[in-house]
Amino acid sequence: MLLKFTKMHGLGNDFMVVDLVSQRAKLFPDQVRALADRNFGIGFDQLLVVEAPNNPEMDFCYRIFNADGSEVEQCGNGARCFARFVYDKHLTNKQIIKVETAGGNIELRLTEDGGVTVDMGAPKLVPEQIPFQAPEQADSYSLEVDGQTYQIGAVSMGNPHAVLVVDDVDQAPVEQLGAKIEVHPRFPNRVNVGFMQIISRSEVRLRVFERGAGETLACGTGACAAVVAGRVQGLLDENVQVHLPGGTLKIHWQGKGQPVMMTGPATRVFEGQIYL
Ligand SMILES: N[C@@H](CCC[C@H](N)C(=O)O)C(=O)O
């Protein structure tokens with residue numbers, strides 16, 4: 001069958017976006033891996049699928065697949081592209097779009113400058129809800145990797161994140177240590193790993209080794225999780241600019257129990273179609 005798609009990105013975190021409201025298809029993990037291949041496929045970090053909602057109070061169901069074929073709960077940069085996609089394709093004319101995901105319901109707002117603000121919901125910090133194995137909840141945890149101890153923050157933004165504070169992100173061992181923490185046995189569902197350098201209470205630099213995709217140019221949920229981890233540890237204020245290799249996100253979080261707001265761009269690259 002011939003599948004229509006749109007290639008998009010949020011600060012270089014790139015996506016294949018497929019409308020399965022107007023088209024019919026079922027994508028299996030080996031097909032997702034093949035499509036994600038940057039040499040033999042289309043190439044992307046995540047596949048985003050638009051479906052009709054299960055809950056009639058919501059506008060759409062948003063499904064996310066990593067480049068390794070795994071289906072995951074949440075994707076922040078993808079959520080902004082999702083909003084741009086459904087609006088530009090006239091699947092909705094709403095400027096505030098309610099979306100269900102495997103990681104919880106989120107709200108997407110198109111802004112006048114062409115960007116999108118996403119209400120990502122409240123972060124989860126209770127270890128079982130991340131999920132992360134720890135005897136009790138703490139602001140930071142010691143994690144052993146190859147005989148070395150690292151301090152991490154552990155946060156769920158719908159999907160799991162570990163956040164390390166480092167002196168210099170350019171020197172951080174993102175690939176090597178990120179790959180080891182991703183599959184650490186204390187994170188039973190694997191984990192996304194952020195390396196955060198604090199510039200001031202309102203500005204950080206961040207690199208993220210994503211579960212199922214490796215290091216990406218930006219990670220929206222990673223930016224939210226980093227700000228939450230930094231605030232819980234008393235290091236950051238409620239408005240923070242997060243500088244990622246692909247650009248900057250604005251994150252706002254008032255504190256525990258409150259939703260995290262993420263603002264940034266969503267960019268369409270090209271339209272395509274491919275035989276499956
Ligand atoms: N790039 C994303 C996160 C995508 C999912 C993640 N790799 C996971 O496995 O949870 C973002 O912008 O949040």
Subject >> Leu217 side chain reached by Leu11 side chain, heavy atoms, under 4.5 Å >> reply: no

**OP:** Verify, without hydrogens or angle tests, whether Arg231 (side chain) and Gln254 (backbone) share a donor-acceptor contact under 3.5 angstrom.
**Re:** yes

**OP:** If a pair satisfies ring-ring contact (aromatic ring centres under 6.0 Å, His included) and one of its residues is in residues 161-213, list it, with sequence neighbours excluded.
**Re:** Phe132-Phe187

Original post:
Do Asn77 side-chain atoms and Ala218 backbone N/O form a donor-acceptor pair below 3.5 Å?
Top reply: yes

**OP:** Go through the structure and list residues passing side-chain hydrogen bond (donor to acceptor under 3.5 Å, both in side chains) with Arg190, not counting sequence neighbours.
**Re:** Asp68, Glu182

Original post:
Can you name the closest pair of heavy atoms from Gly104 and Thr101 and give their distance?
Top reply: O-OG1, 2.6 Å

**OP:** Check whether the side chains of Thr248 and Gln241 place a donor and an acceptor atom closer than 3.5 Å, and report yes or no.
**Re:** no

Original post:
What are the two closest heavy atoms between Tyr141 and Leu125, and how far apart are they?
Top reply: OH-O, 4.0 Å

Subject >> For Arg211 against Asn66, the heavy-atom pair lying closest together >> reply: O-ND2, 3.0 Å

Subject >> Ser142 vs Gln151 side-chain heavy atoms within contact, under 4.5 Å >> reply: yes

**OP:** Please name the pair of heavy atoms, one in Gln133 and one in Pro185, separated by the smallest distance, quoted to 0.1 Å.
**Re:** OE1-O, 3.7 Å

Original post:
What is the minimum heavy-atom distance between Val169 and Arg207, and which atoms define it?
Top reply: O-NH1, 2.7 Å

